[in-house]
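Residue numbering restarts at 1 for every chain, and letters A, B, ... go by the order of the sequence lines.
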Amino acid sequence: MSQVIERKNPAPLTKSFEPQAFESATYQFWNEAGCFEASDTNAPGQQSFCIVIPPPNVTGVLHMGHALTNTIQDTLVRWRRMSGDNTLWLPGTDHAGIATQTQVEKAIAKEGKGPTGRPLTRHDLGREKFLERTWKWKEEHAGEITNQLKRLGSSLDWKRERFTMDEGCSAAVREVFVRLYEEKLIYRGERIINWCCRCQTALSDLEVIPTDRKGNFWHLRYKIVEKNGTPVKNPEGTLAELIIATTRPETLLGDTAVAVHPEDERYTHLHGKFAVLPLLGRMIPVITDSYVDREFGTGALKITPAHDFNDADLGQKHSLPIISVMGKDGKITAEGGPYVGLKFAEAREKVLADLEAQGLLVKKEDHAQKVGLCQRCDSVAEPMISKQWFVKIEPLAKPAIEAVETGKIEFSPKNWEKTYFEWMRNIRDWCISRQLWWGHQIPAWYCSGCEGVTVSRSAPQKCSSCGANASQLKQDEDVLDTWFSSALWPFATLGWPQKTQALQTFYPTSILETGFDIIFFWVARMIMMGIHFMGEAPFKKVYLHAMVRDEKGEKMSKSKGNVIDPLVLINEHGADPLRFTLTAMAGQGRDIKLSVDRVEGYRAFANKLWNATKFFHLQFEEAQGGVLPEPKGGAAAWLEAHRSSLSPANRWILSRLQHCTAAVEKGFAQFELNESANALYEFVWKELCDWYIEFSKTPLRQGGNAREQSLITLGHVLEQTFRLMHPIMPFVTEELWQSLPWKRSANTPARVREGKPAVMTLMFQTFPKAQDAWVDVKAEQTMRQLQNIVEAIRNFRGENNISPKVEFGVGYTTTSDSVPAFLKEHHAEILALCRIQKLELVSASAAGQEFEAVIPIAEPLMELRISLSGLVNVEEEVKRVKKEMEKVGADLEFVRGKLSKESFTAKAPPALIEKERQREREFSEKLTELSSALSKLEKLSGKTP
RNA sequence: GCGAGCGUAGCUCAGCGGGAGAGCAUCGCCUUCACACGGCGGGGGUCGCAGGUUCAAUCCCUGCCGCUCGCACCA
């Protein structure tokens, strides 16, 4: 007999659900037993299932978005693991270039002053020292987010944890860079990019957030002249000029043309002429282009190719010169003539003042405009020409578009595919160089001798162009966009560029789960790189979850102070309730407004399950000899063997378990986790606790076979429920499962092969499959009938405000032959659930006495008769009956109306018509009963003073 | 401007062709031996508005209105 890993010192179940008591220990048990570890190879016939975690920032802290995505992923991973797959969920963190560098910069700024008395900057430390500091910072903070992921219950294979700047990932980055360079898909060029003057780095288009700003529209006067400088005149003899509206007057310093629409008749006579650039006096051509909108502004446009994306395109089209007047330092360059050295904002003021002085400023209007802000620091990002590294994206985008078009990759919800296509089909080259220090330094070396560029996987020995030795070579100081390494994540983490077994087994990964906000940043780029380097898309399915917002629907942000910290919720209520909440709300196509109330509600749910299990133990321990021995072959086999002799209630709950199992499985498989969660909630609370356990109390107290049968059924149903619920609520289900008397250890195929011991854990138990054989229509019908009777009596009690302490007798009449036997069989349960003294058949003649309430029931066909004397106020009962009659009357009227329409009876499906006729009969009978009861009551109340 | 989503009970959401559901909140009764993190019962909605298709529309179609979110921006 091989060894089994068991949890040490199991504690008895506490009085109620107290997650703090066991969550951490449970996680530790799983982790130490190696439950999270995948195998590099699949067992024969086994499938692999792999998700790579969207790597959180290495120095970040867990926020609700993380909690959501990791709960969803963990749920899927646990489900697949229990279903028998070789399951790998690969953990890791991202170096997060700008974010991390900024944190460290802030830290050193606080530490001391530089030589001139200002706070220390990274430049005071120098690159090497600064990087040392950042690595140290990373080591100190990296544990926080991973510990938080553990608190959430994430079953990540920690032995495979990766970091985007670890040796392997760095090697992958260099490999990709070199290959793309060799394929001419990476190039270095002088192009217009977004520049953040505060962060002092280039940004990609995506890192710039267009933001509404109140601005102004200044109308400027450009005089028009011939090439030789003679003023041009208008047809009516006045001097020709162009009035141009602009929101950024300071950029005029870099204007190299003005443009009008070719068919704009106002300006036809200016075609081919020149404009005199205000302030600088430069002559620039008047060009025509249909890009110009005649309706907007004055219909004339100034063109500044160096500082505007659209102008850059026009400039290229018309071969215009490019004049950079704004520098990376946020100041006007020497090209700006008298304005050199001014900050942009100062330059604007001065330019406007000078224009005004020269009479060239026509007017100023208010104007709402969008300004691009740096995603990281919110300062204005200026478009400017700069020498940067770019990825030529179109050749990479093409197959990535095709992969989604042909369905090799599917997005869910599907409508995101449209968004993906939109962006991918209009994609611009990707600026990948960043003027930061924290990141993958670009593997390009410049030769001081020949100015040649050497791109290499490792530090080159000599210049690839002129052969000069290494001392002449200097590596590019810039680093790569953080998303460059993230794009390689699905294969770099599996060992690429080595040909590893893990890569073979787990690539392509099964699914990607992430937020829609990073479709472009991350998802699209992973698809492009995956296809290009692996020949295959990195995942088959992309699941995109909604945004987590606060309970008012606002985005959570620190500045608004509306952030709900998942760790606070975990500490207070446990990880499971939070996970259940997120899962239950993860329905697609809607933002998730998280409310703490909801979490509390699901904590109550966990408590409910806890107490149901305690109920089982209580009953179990009372069994003869203290402990009921495990049935031979286990509970399931026992139930199978005794199926025909099981009570209706037992058959019912086993049948309902199949429905629940099917729903949970379907929800997981279709990525509708909320469906799974809701099915479980309904089943556990309503069916198992409210009905089954209440029903089972009678046989359990009865003892003997009845008790044994119910105990085994309840134990089995609970055990199966724990399995079904485990992917969503791993901690509490494991804790409760461990408490069960008949549990068995289990193992995964891979562990067996590797000689690893089995583990006594719910994590490795087989995920249930719905079994049609256990679906019992008859038992469900029986239970429905019993529920109808019980509810009718409870309703009578409730509406008449009769205390549960008051017991009374109930009689009934029926025209059905089977009802008396049916009620006799379930006599005890009905009495217990309704807290009544007796339920007995009364003859039709004995019935009909005046002191009775009459409660008609359609299924089973019968009438309850309850003697009112001393029980209720007759007037109250009159009210109740009247209310009931109104309801039934309205129903009847509706059904009759429907049936009276010939169009309905002619065209509706026959089955439906029959159903409606049936309903009509029922309502009508019910109404007759009620009205006769009412007339009796009214007579009675008339007699009473 | 283009694209997507959402408007259902006081709140948060499910449902999406046959007369509207849940949780929380609320009201009434109950400390009944798993659970007051509980039980039982009640009240509460012309399913954003207007048309159309259909025997039948919260559900399908069209148009509006309102709220989000992408993309592109008109300089």
Side-chain angles (χ1 to χ4, degrees), chain A residues 13 15-17 210 217 244-248 251 259 291-293 295-304 308-311 314 367 369-370 413 415-416 418-419 421-423 426 516-517 519-520 546-547 549 551-553 555 573 577 584-585 587-595 597-598 600-619 674-675 678 681-682 685-686 689-690 693-694 697 701 790-791 794-805 832-835 883 890-891 894-895 897-898 901-909 912-913 915-916:
Chain A
L13 297 186
K15 188 166 173 293
S16 57
F17 169 63
F217 223 1
I244 297 179
T246 179
T247 55
R248 299 168 67 209
T251 63
Y291 165 82
V292 180
D293 182 348
E295 310 299 319
F296 190 80
T298 60
L301 173 65
K302 61 192 260 326
I303 299 177
T304 323
D308 183 284
F309 281 88
N310 294 311
D311 290 7
L314 282 175
H367 183 67
Q369 58 171 343
K370 296 245 175 171
N415 45 290
W416 288 112
K418 199 160 184 175
T419 306
F421 288 138
E422 202 104 335
W423 189 70
N426 301 299
F516 58 78
D517 50 330
I519 290 178
F520 308 142
M547 189 85 96
R549 297 169 179 279
E551 51 217 316
K552 288 185 208 116
K555 211 167 170 171
H573 302 291
M585 298 186 79
Q588 301 189 322
R590 207 193 256 262
D591 288 340
I592 297 174
K593 290 182 203 164
L594 189 76
S595 76
D597 282 354
R598 203 73 190 254
E600 283 167 7
Y602 289 125
R603 179 192 179 138
F605 177 58
N607 188 52
K608 191 77 182 170
L609 187 68
W610 188 273
N611 279 290
T613 310
K614 275 185 59 193
F615 173 79
F616 168 76
H617 282 296
L618 219 70
Q619 300 303 322
N674 53 322
E675 296 287 342
N678 290 336
Y681 188 92
E682 288 290 307
W685 204 309
K686 297 274 138 85
C689 294
D690 287 351
I693 287 184
E694 291 309 320
K697 284 176 180 173
R701 274 169 203 145
V790 169
E791 277 168 355
R794 281 177 177 169
N795 178 282
F796 170 80
R797 191 192 279 277
E799 296 228 343
N800 284 299
N801 267 344
I802 303 169
S803 155
K805 274 183 273 189
L833 264 62
C834 301
R835 312 204 116 234
K883 197 173 94 183
D891 283 349
F894 173 77
V895 173
K898 208 169 183 179
K901 267 192 269 177
E902 206 179 308
S903 52
F904 176 73
T905 47
K907 291 195 178 171
L912 184 75
I913 296 170
K915 205 177 119 198
E916 295 295 337

Q) Which part of the nucleic acid, if any, lies within reach of Phe616(A) when heavy atoms closer than 4.0 Å are counted: base, sugar-phosphate only, or nothing? A) nothing
Q. How would you label the contact of Pro210(A) with the nucleic acid (heavy atoms, under 4.0 Å): base, sugar-phosphate, or nothing?
A. nothing
Q: Looking only at side-chain atoms of Arg794(A), point me to the closest of C40(B), G15(B), C24(B).
A: C40(B)
Q) Taking only side-chain nitrogens and oxygens of Asn310(A), does any of them come within less than 4.0 Å of OP1 or OP2 of C73(B)? A) yes
**Q.** Pairwise C1' distance for U8(B) and C59(B), with rounding to whole Å
**A.** 11 Å
Q. Expressed in angstrom and rounded to an integer, what is the separation of Asn426(A) atom CG from G70(B) atom P?
A. 18 Å
**Q.** Given G19(B), A34(B), C29(B), the nucleotide with the shortest approach to the side chain of Lys614(A)
**A.** A34(B)
Q) Looking just at side-chain N and O atoms, do Thr905(A) and Lys898(A) make a donor-acceptor pair shorter than 3.5 Å? A) no
Q) If the C1' atom of G42(B) is compared with that of A25(B), how far apart are they to the nearest Å? A) 15 Å
Q | Minimum-distance nucleotide to Lys15(A) side chain [options: G41(B), A36(B), C37(B)] | A | A36(B)
Q. Can you find a donor-acceptor N/O pair under 3.5 angstrom joining the side chain of Glu916(A) to the base of A56(B)?
A. no
Q: Map Lys805(A) and Ala890(A) onto RNA chain B by nearest heavy atom, then report which one ends up closer to the 5' terminus.
A: Ala890(A)
Q: In whole angstrom, give the distance that lies between atom NZ of Lys907(A) and atom P of G18(B).
A: 19 Å
Q: Please state the P separation for the pair G48(B) and C11(B) - nearest whole angstrom.
A: 14 Å
(Q) Is the phosphate of C35(B) approached by Lys608(A) (side-chain N or O, under 4.0 Å from OP1 or OP2)? (A) no
Q: Report yes if a side-chain nitrogen or oxygen of Lys686(A) is closer than 4.0 Å to either non-bridging phosphate oxygen (OP1 or OP2) of G23(B); otherwise report no.
A: yes
Q. Which part of the nucleic acid, if any, lies within contact of Asp293(A), taking any heavy atom under 4.0 Å across all strands shown: a base, the sugar-phosphate backbone alone, or nothing?
A. base
(Q) Students often get this wrong, so: under 4.0 angstrom with heavy atoms, is Arg835(A) touching a base, only sugar-phosphate, or nothing? (A) base
Q.
Under a 3.5 Å distance rule, please check whether Asn800(A) uses its side chain to pair with a backbone N or O of Ile802(A) as donor and acceptor.
A. no
Q. Is the aromatic ring centre of Trp416(A) closer than 5.5 Å to the centre of the six-membered base ring of A4(B), with the two planes inclined by less than 30°?
A. no
Q. With respect to the side chain of Asp891(A), which nucleotide from G19(B), G3(B), G5(B) is positioned closest?
A. G19(B)
Q | Which residue lies more 5' along RNA chain B, comparing Thr246(A) with Val895(A) via nearest heavy atoms | A | Val895(A)
**Q.** Integer-rounded Å distance: C37(B) P and His573(A) NE2
**A.** 13 Å
Q. Counting N and O atoms only, with roles assigned by atom type, does the side chain of Asn674(A) sit under 3.5 Å from a partner on the main chain of Ala584(A), one being a donor and the other an acceptor?
A. no
Q) According to a strict under-4.0 Å criterion, is Lys883(A) in side-chain N/O contact with OP1 or OP2 of G43(B)? A) yes
Q) Just how far, in rounded Å, is C1' of G42(B) from CZ of Phe796(A)? A) 16 Å
Q.
Test your reading of the model: is there a side-chain donor-acceptor pair from Lys614(A) to the backbone of Lys15(A), 3.5 Å cut-off?
A. yes
(Q) Measure OH/Tyr602(A) against P/G23(B) and give the value in whole Å, please. (A) 10 Å
**Q.** Atom P, compared across C65(B) and C49(B): separation rounded to whole Å
**A.** 15 Å
Q | Whole-angstrom distance between G45(B) and G19(B), as gauged at atom C1' | A | 14 Å
(Q) In terms of relative ring orientation, are Phe516(A) and Trp416(A) parallel, tilted or perpendicular, with 30° and 60° separating the classes? (A) parallel
Q | Nearest-0.5 Å distance that lies between atom NZ in Lys418(A) and atom CG in Asn415(A) | A | 9.5 Å
Q) For Lys370(A) and C2(B), what is the distance between atoms NZ and C1' respectively, to the nearest whole Å? A) 13 Å
Q. Donor-acceptor pair, Arg797(A) side chain versus Ser803(A) backbone, under 3.5 Å?
A. yes
Q: With P as the reference atom in both, quote the distance from A20(B) to A9(B) in angstrom, rounded to an integer.
A: 14 Å
Q) Side chain of Ile693(A): nearest nucleotide among G42(B), U31(B), A34(B)? A) A34(B)
(Q) Below the 4.0 Å mark, does G19(B) have OP1 or OP2 next to a side-chain nitrogen or oxygen of Lys898(A)? (A) yes
Q: Give a yes or no on whether the backbone of Asn607(A) and the side-chain of Asn611(A) come within a donor-acceptor separation of less than 3.5 Å.
A: yes
Q: Among C35(B), C55(B), A34(B), find the nucleotide with the atom closest to the side chain of Ala908(A).
A: C55(B)
Q) So do Leu609(A) and Trp685(A) actually touch side chain to side chain, heavy atoms under 4.5 Å? A) no
(Q) I'd like the C1' distance from G43(B) over to G21(B), given in whole Å. (A) 16 Å
Q. In whole Å, what is the span from the CD1 atom of Ile802(A) to the P atom of C40(B)?
A. 17 Å
(Q) Work out how far the C1' atom of G15(B) is from that of A57(B), and round it to whole angstrom. (A) 14 Å
(Q) Please convert RNA chain B into dot-bracket. A pair counts if it is Watson-Crick or G-U wobble with both distances under 3.5 Å; crossing pairs go in [ ] and bases paired with another strand get |. (A) ((((((((.[[[[.)..(..]]]].(((((.......))))).....[[[[[..)....]]]]])))))))....
Q.
The side chain of Phe904(A) is closest to which nucleotide in this list: G38(B), C55(B), G42(B)?
A. C55(B)
Q: Report which part of the nucleic acid Glu694(A) touches: base, sugar-phosphate, or nothing (heavy-atom distance under 4.0 Å, all strands).
A: base
Q.
Looking at A34(B), I'd like to know if its phosphate oxygens (OP1 or OP2) sit under 4.0 Å from a side-chain N or O belonging to Lys697(A).
A. yes
Q) Counting side-chain heavy atoms from CB outward, which of C37(B), C33(B), C55(B) is closest to Ser16(A)? A) C37(B)
Q: From the options G5(B), C55(B), A34(B), select the nucleotide whose nearest atom is closest to the side chain of Asn415(A).
A: G5(B)
(Q) Which nucleotide wins on minimum distance to the side chain of Phe520(A), given the candidates G70(B), C35(B), A75(B)? (A) G70(B)
Q) Trp423(A) has an atom CH2; how far is it from atom P of A72(B), in whole Å? A) 10 Å
Q. Looking only at atom types and distance, does a side-chain atom of Arg835(A) sit under 3.5 Å from a main-chain N or O of Arg794(A), one as donor and one as acceptor?
A. no
Q) After noting the C-alpha distance and the side-chain angles of Thr613(A) and Leu13(A), does the key distance pass the side chain to side chain contact (heavy atoms under 4.5 Å, CB included) rule? A) CA-CA 9 Å; Thr613(A) 310; Leu13(A) 297 186; 4.2 Å; yes
Q) So what does Ala612(A) hit on the nucleic acid, given a heavy-atom distance under 4.0 Å: a base, only sugar-phosphate, or nothing? A) base
